Protein chains: 2
Amino acid sequence: MHTPTRKTAEPTVRRLSLYLRYLEAFEQAGRGTISSGELAQSGGTTSAQVRKDLSFFGSFGKRGLGYSTHELTVHIREILGLDRQWRLVIIGAGKIGSAVAGHRGFRDRGFEIVGIFDADPHRVGHALGGVTVSDVRHLETEVKRLRADMAVLAMPAESAPEVATRLAKAGVHAILDFSTAQLEVPSDVTVRSVNLALELEVLSFALVNR
Amino acid sequence: MHTPTRKTAEPTVRRLSLYLRYLEAFEQAGRGTISSGELAQSGGTTSAQVRKDLSFFGSFGKRGLGYSTHELTVHIREILGLDRQWRLVIIGAGKIGSAVAGHRGFRDRGFEIVGIFDADPHRVGHALGGVTVSDVRHLETEVKRLRADMAVLAMPAESAPEVATRLAKAGVHAILDFSTAQLEVPSDVTVRSVNLALELEVLSFALVNR
DNA sequence: ATGTGCTTGTGAAATCGTTCACAATCTAGG
DNA sequence: CCTAGATTGTGAACGATTTCACAAGCACAT
C-alpha cells in the first residue's frame, strides 16, 4: 500500500467506507473474489470509479480475476485506519448523545465509547450504554486520562465551540459535531458536521425543483 | 429570482442552507446589510463563492453595499422551499427516531412531524413529541391520509428498502435515511443518507493520514 | 456634481473529480 | 504451450466546481 502523494479526495474516502461494507457482506456470503463492476453496483457507482479509488492506495486486484474479498477488506480497513481501536467520548447525554451511545455496531467496527459527559447535574452519574455520565467540568482531565482519540459533540450550539476548544487542548484530534455551530479548532483537528436541519433543507430544495 | 437552467450543484444548496443560518443570526443582531465577505467568513468559504452561489438564482445585492439581510433571508428561504410547511413522518421510534422527533427547531423551520411509525407493538400507541406512534403495517393509508411530503427512516437496514418502496408508492418524494441500506426508489424520489459509522470512518482516515 | 471607496456580478482560468478507453496481464481450457 | 475471455490499472479526455480578477454600480462625502 503506497500512501497517496498528497491529500486524498473526501468522496474517495467515503466510497471506500461503502465498499468495505459491501465487501464484508460478500465475504460473509462466501464469495472469494469480487470484480470492480460488482463492487460498483453495490455502491451505486461505476467500475472505473472503484478502480480509480483503489489505485490511489495500491494495486490490490488480479487482472482477469478481480479482487480477493478478504484481502481487499483487510487493505481498506488499513487504509481507513480501522485496523486499530479508536477511543471515543460523547459530549452531551441528551437524545442524540444517547442514540450514538446506544448504537451497536460502533464497537464492532473499532470505535469504543470510553466516556460520556454532560453539563446537567441530573444526568451526571447515570449509566448510558454501560458508561457512566461524567460532569463536563472535568472534561480535560478525564479525556486525557481516558486517552480519547475522537469526540462526538451532541450538545446545544451555544456551548459547542468552547467544548471543541477544550477537547482540542486535551489532545482530541477528530470531532464529529451534531450541533449547528461553526467550530474554531487548530488545523491539526479534523471536524465533521452532521446537521439534520440542513439535510432536510436540501430535501426541501429537491422537492421544490423536482 | 430566476430558476436555474438545469440542476444546481448540491454543494451550492448546502451552502445556501448555511448562509441562511448566519443571515438569521445577523438579522437577529439587528444588522441591516451584510457583505459576501462577512457571509463567507461565517460559512467557512470565500466571498467569490458566496456571490457565485447566489448568482445562480438572481442578483440580490447592491454594489458597494452588500445584501439586505432581511431580503436575502427571504430569497434563500424561497429558493430552498422553506416558505411553506413540509409534512414529515418518521419511521422507527427507536433511539434515532426519538431524537429526530424531539428535535425542536424542525417545526420552527417549517418541518412538521405529522406521524411516527414502528413495527414493535410495544412502541405503538405511545406518544413521542406529541405524536402517537402508529403501526407500520398501516403505513400507506396513514401516509396518504396525513399527506406527508417527506420521511425520515430511522430503522434497521434490513427493513429499510421495503419501507422506502412503500413510502414512494404512498406519494412521499423525499427520504432522509439513517440506515446503512442501499435504497432502490423511483427516480422522482430523492434520498439522502446519513451514516454515522461512515462519518466516524472518514474521521479515522483523517487521523491516520494526519 | 463629481470623486472616492467599497462591493457586487460574472466571464475566464484554474483546479478538482469522474469517466473513457485500452494496453497489460491474469485464469482456464484445450 | 497457446488461445480465448475477463478484468485490472491508468493516462487522457471530459465535466463540474472553485477561484481569480475586474468592470460596473452604488453610497457617501466634499
Side-chain angles (χ1 to χ4, degrees), chain A residues 1-19 22-23 26 31-73 75-76 79 202 205, chain B residues 1-19 22-23 26 31-73 75-76 79 202 205:
Chain A
M1 170 179 139
H2 49 80
T3 309
T5 342
R6 205 63 212 120
K7 63 187 166 202
T8 310
E10 182 181 310
T12 295
V13 178
R14 296 182 74 87
R15 284 190 298 264
L16 286 180
S17 198
L18 289 174
Y19 302 158
Y22 293 115
L23 276 169
F26 268 89
R31 292 286 309 270
T33 62
I34 187 172
S35 71
S36 57
E38 288 171 296
L39 257 182
Q41 268 205 309
S42 328
T45 177
T46 68
S47 64
Q49 181 77 80
V50 171
R51 295 197 300 277
K52 189 62 105 181
D53 285 339
L54 294 174
S55 76
F56 290 130
F57 302 94
S59 302
F60 307 123
K62 278 202 172 49
R63 291 169 194 234
L65 193 63
Y67 303 87
S68 148
T69 45
H70 179 68
E71 277 178 30
L72 190 53
T73 301
H75 279 305
I76 295 184
I79 292 166
V202 175
F205 177 84
Chain B
M1 168 179 140
H2 48 81
T3 308
T5 343
R6 206 57 210 126
K7 64 186 167 202
T8 310
E10 182 183 311
T12 295
V13 178
R14 297 182 73 87
R15 284 191 298 266
L16 286 180
S17 197
L18 289 174
Y19 302 158
Y22 293 115
L23 276 169
F26 268 88
R31 293 285 310 271
T33 62
I34 187 171
S35 71
S36 57
E38 288 172 295
L39 256 182
Q41 267 205 311
S42 326
T45 178
T46 68
S47 63
Q49 182 76 81
V50 171
R51 296 197 300 277
K52 191 59 107 181
D53 286 340
L54 294 174
S55 77
F56 290 128
F57 302 94
S59 302
F60 307 123
K62 277 201 170 51
R63 292 169 194 237
L65 192 62
Y67 303 87
S68 149
T69 45
H70 179 68
E71 277 178 30
L72 190 53
T73 302
H75 279 305
I76 295 184
I79 292 166
V202 176
F205 177 83

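Note on naming: letters A, B, ... go to the chains in the order of the sequence lines (proteins, then strands), and numbering restarts at 1 for each one. Just so it is clear, the model here is predicted, and its values are computed rather than measured.
Remark: C1' of dT8(D) and NE2 of His75(A) are 14 Å apart, rounded to the nearest angstrom. Leu72(A) has its CG atom 16 Å from the P atom of dT7(D), to the nearest Å. Whole-Å rounding puts the Lys62(A) NZ to dT8(D) P distance at 12 Å.
In this structure, the nucleotide among dA27(D), dT10(C), dG9(D) sitting nearest to the side chain of Tyr67(A) is dG9(D). Nearest nucleotide to the Arg51(B) side chain, out of dT10(C), dC20(C), dT7(D): dT10(C).
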Anything under 3.5 Å between a protein N or O and an N or O of nucleotides 3-5 of chain C, put it in a table, one pair a line.
none

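Although no hydrogens or angles enter the test, the distance criterion places no donor-acceptor pair under 3.5 Å between the side chain of Thr33(A) and the main chain of Gly66(A).
Phe60(A) places a side-chain heavy atom less than 4.5 Å from the side chain of Ile79(A). The closest side-chain heavy-atom distance from Thr45(B) to Leu39(B) is not below 4.5 Å. Looking at heavy atoms from C-beta onward, Ile34(A) lies out of side-chain contact with Tyr22(A) at the 4.5 angstrom threshold. Counting heavy atoms from C-beta on, the side chains of Thr12(A) and Phe205(B) never come closer than 4.5 Å.
Considering only residues two or more places apart in sequence or on other chains, Thr73(A) meets the side chain to side chain contact (heavy atoms under 4.5 Å, CB included) condition with Leu20(A), Leu23(A), Glu24(A), Glu27(A), Arg77(A). For the side chain to side chain donor-acceptor pair (under 3.5 Å) test, no residue two or more places apart in sequence or in another chain qualifies with Glu71(B). Taking the side chain to side chain donor-acceptor pair (under 3.5 Å) definition, one finds that Ser35(A) meets it with Glu38(A), sequence neighbours left out.
Proximity of Ser36(A) to the phosphate of dT8(D): a side-chain N or O atom is located under 4.0 Å from OP1 or OP2.
Annotation: proximity of residues 37-45 of chain B to DNA chain D (heavy atom, distance under 4.0 Å) is found for no residue.
Helix-axis bend for the helix from dA1(C)-dT30(D) to dG30(C)-dC1(D): the local axis fitted to the five terminal pairs at one end deviates from that at the other end by 0°, rounded to 10°.
With DNA chain C read from its 5' end, the first of the two nearest nucleotides for Leu65(A) and Leu54(B) is the one closest to Leu54(B).
To the nearest 0.5 Å, atom CG of residue Leu16(B) and atom CZ of residue Arg14(B) are 12.0 Å apart. In this structure, the separation between OH on Tyr67(A) and CZ on Phe26(A) is 13.5 Å, given to the nearest 0.5 Å.
Sequence neighbours left out, the pairs with a member in residues 45-64 of chain B that pass salt bridge (Lys or Arg N to Asp or Glu O under 4.0 Å) are Arg15(B)-Asp53(B).
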Note to self: For nucleotides 11-18 of chain D, give me one character per nucleotide, 5' to 3': B if any protein heavy atom sits under 4.0 Å from the base, S if the only such contacts are to the sugar-phosphate, - if neither.
What the structure shows: BB----SS

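Ser47(B) comes within contact range of no nucleotide atom at all, as no heavy-atom separation falls under 4.0 Å.
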